[in-house]
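Notes follow the structure.
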Amino acid sequence: MRSGRITTHKIQAMKARGERIPMVTAYDYTQARIVETAGIPIILVGDSLGNVVLGYDSTIPVTVDDMVRHCAAVVRGAHIPLVVVDMPFMSYQVDAETALRNAGRLLQEGGAQAVKLEGGKPIAPIIRRLVDAGVAVMGHIGLTPQSVHKLGGYRVQGKTSRSADVLIEDAMAVQEAGAFAIVLELIPVELAAEITKQLDIPTIGIGAGVHTDGQVQVLYDMLGLGLDFKPKHAGNYASLGETAVDALERYSADVKSGAFPTAANSFYTDRDEAAKDEPKQPAAAGRSARRGS
Ligand code: KIV
């Protein structure tokens with residue numbers, strides 16, 4: 001372990017101190033550098049990469065190989081945040097031994113410090129097996145995207161008192177199984193507050209209101225990179241998708257007009273050193289003069 005890497009214990013200490021915990025997803029080296037530079041203490045290599053990076057309409061097709069590859073890239077880019085990686089669909093549900101083998105790959109080949117599993121009470125024995133083997137586990141209840149077909153869509157969970165009670169039981173089971181923290185996705189604010197009060201481990205909310213111990217967002221949603229879809233819970237921190245389209249339109253126009261590249265973007269042979277300081281020629285003439293030199 002590199003010194004200075006944030007640990008699961010440090011994250012739990014943040015809850016004990018009443019310090020809120022920011023977390024965000026990242027899927028590659030450059031994103032990880034940006035997230036680390038911003039001082040975010042936890043990076044989630046989410047299987048949401050199936051949606052935002054690979055263009056699937058759910059996280060179900062994502063494989064352990066996908067997660068290992070992206071996780072390793074993130075770990076190369078970020079040396080301080082705790083890196084948590086999602087175990088993808090069917091990499092842990094079949095049996096505890098399969099879960100252990102796949103978690104082992106994500107830690108050994110991917111370099112993550114912890115794995116995240118979706119599910120409550122039914123998945124608790126798997127969490128227990130991983131924790132007993134020395135794997136740090138983050139739970140995830142509420143809307144669990146890998147179960148989208150069973151849930152009948154991406155909808156808020158725990159709105160009735162019966163379903164809220166089930167989620168409270170799920171949260172307790174995940175904690176008792178040894179998880180160090182738990183994600184609460186798309187549940188009512190009051191329920192998230194109640195679960196946060198009852199649990200000793202940190203709760204990290206997404207679309208679960210302000211009373212959780214931390215918040216997590218999909219990086220692409222939070223930065224407004226997606227042009228077609230921005231979930232209500234993602235906030236409004238940037239519109240990088242529109243910024244990128246604008247930059248690319250200006251680049252395209254400059255390439256077509258010959259305004260790009262300029263001398264400042266170009267390289268010259270030594271005998272051209274003097275020429276580059278000359279006043280800029282009209283675009284077309286400049287290009288042909290350079291080509292002829
Ligand atoms: O895959 C993911 O990005 C997640 C977050 C939405 C919590 O699980």
Side-chain angles (χ1 to χ4, degrees), residues 11 21-28 31-32 35 40-64 66-71 73-74 78 81-93 102-103 106 110 112 114-120 123 127 136-148 151 153-158 167 170-171 174 179-187 192 195-196 201-209 212-223 225-226 229-235 237:
I11 297 301
I21 307 161
M23 164 166 148
V24 75
T25 67
Y27 313 101
D28 67 27
Q31 292 165 5
V35 173
I40 306 270
I42 314 182
I43 294 180
L44 171 66
V45 187
D47 61 355
S48 50
L49 72 83
N51 303 108
V52 295
V53 178
L54 302 177
Y56 298 133
D57 64 2
S58 77
T59 57
I60 290 171
V62 176
T63 65
V64 175
D66 291 332
M67 298 310 297
V68 165
R69 191 175 184 85
H70 285 272
C71 187
V74 165
L82 178 77
V83 177
V84 181
V85 61
D86 264 332
M87 297 198 70
F89 185 60
M90 283 303 142
S91 70
Y92 58 95
Q93 293 93 336
N102 286 321
L106 291 163
V115 297
K116 177 164 80 58
L117 276 67
E118 295 181 7
I123 227 70
I127 295 178
V137 175
M138 178 178 276
H140 181 161
I141 62 166
L143 173 69
T144 44
Q146 292 173 13
S147 307
V148 60
L151 299 175
Y154 298 100
R155 51 183 86 227
V156 178
Q157 303 295 305
L167 284 175
D170 281 340
V174 167
F180 75 92
I182 186 168
V183 167
L184 307 178
E185 180 164 356
L186 228 53
I187 64 172
I195 293 174
T196 300
I201 59 173
T203 58
I204 314 282
I206 171 166
T212 51
D213 298 305
Q215 297 290 329
V216 57
Q217 289 295 331
V218 170
L219 188 73
Y220 284 53
D221 296 341
M222 211 219 78
L223 296 181
L225 267 165
F229 173 65
K230 182 151 186 179
K232 165 178 157 176
H233 59 67
Y237 288 92

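Computed from a prediction, not measured in an experiment: that's the story for all the values here. Positions are given from 1 along the sequence. One-based numbering, in listed order, for ligands and for the atoms of each.
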- Note on the structure: Closest to atom 5 (C) of ligand 1 among protein heavy atoms sits Leu44 CD2, 3.7 Å
- For atom 3 (O) of ligand 1, closest protein heavy-atom neighbour: Ser48 OG, 2.5 Å
- Query: Applying a strict 4.0 Å limit to heavy atoms, is Lys116 in contact with ligand 1?
  - Reply: yes
- Item | Proximity of Asp86 to ligand 1 by residue part, where a heavy atom lies under 4.0 Å | side chain
Using a strict cut-off of 4.0 Å, indicate which atoms of ligand 1 neighbour a heavy atom of [X].
{"X": "Asp47", "answer": "1 (O)"}
{"X": "Val218", "answer": "3 (O)"}
{"X": "Ile206", "answer": "6 (C)"}
{"X": "Gly46", "answer": "1 (O), 2 (C), 3 (O)"}

- Task: Could you tell me the separation between the CD1 atom of Ile123 and the CD1 atom of Ile141, rounded to the nearest 0.5 Å?
- Result: 13.0 Å
- Would you find a donor on one side and an acceptor on the other, under 3.5 Å apart, between the side chain of Glu185 and the backbone of Val156? no
- Message: For the backbone of Ile182 and the side chain of Thr203, can you confirm whether one donor and one acceptor N or O come within less than 3.5 Å of each other?
- Response: no
- Polar contact flag for Thr25 and ligand 1 (N/O pairs, less than 3.5 Å): no
- Return yes or no for this condition: an N or O of Glu185 is under 3.5 Å from an N or O of ligand 1. no
- Item | Taking every non-hydrogen atom, the tightest pair across Tyr27 and Val74 | C-CG2, 3.6 Å
- Query: Is there a side-chain hydrogen bond (donor to acceptor under 3.5 Å, both in side chains) between Thr25 and Tyr220 once you walk through the steps?
  - Reply: CA-CA 8 Å; Thr25 67; Tyr220 284 53; over 6 Å; no
- Query: Quick one: are Met23 and Ile11 in side-chain contact, heavy atoms under 4.5 Å?
  - Reply: no
- Would you find more than 12 non-hydrogen atoms of other residues, nucleotides or ligands less than 6.0 Å from Tyr237 atom OH? no
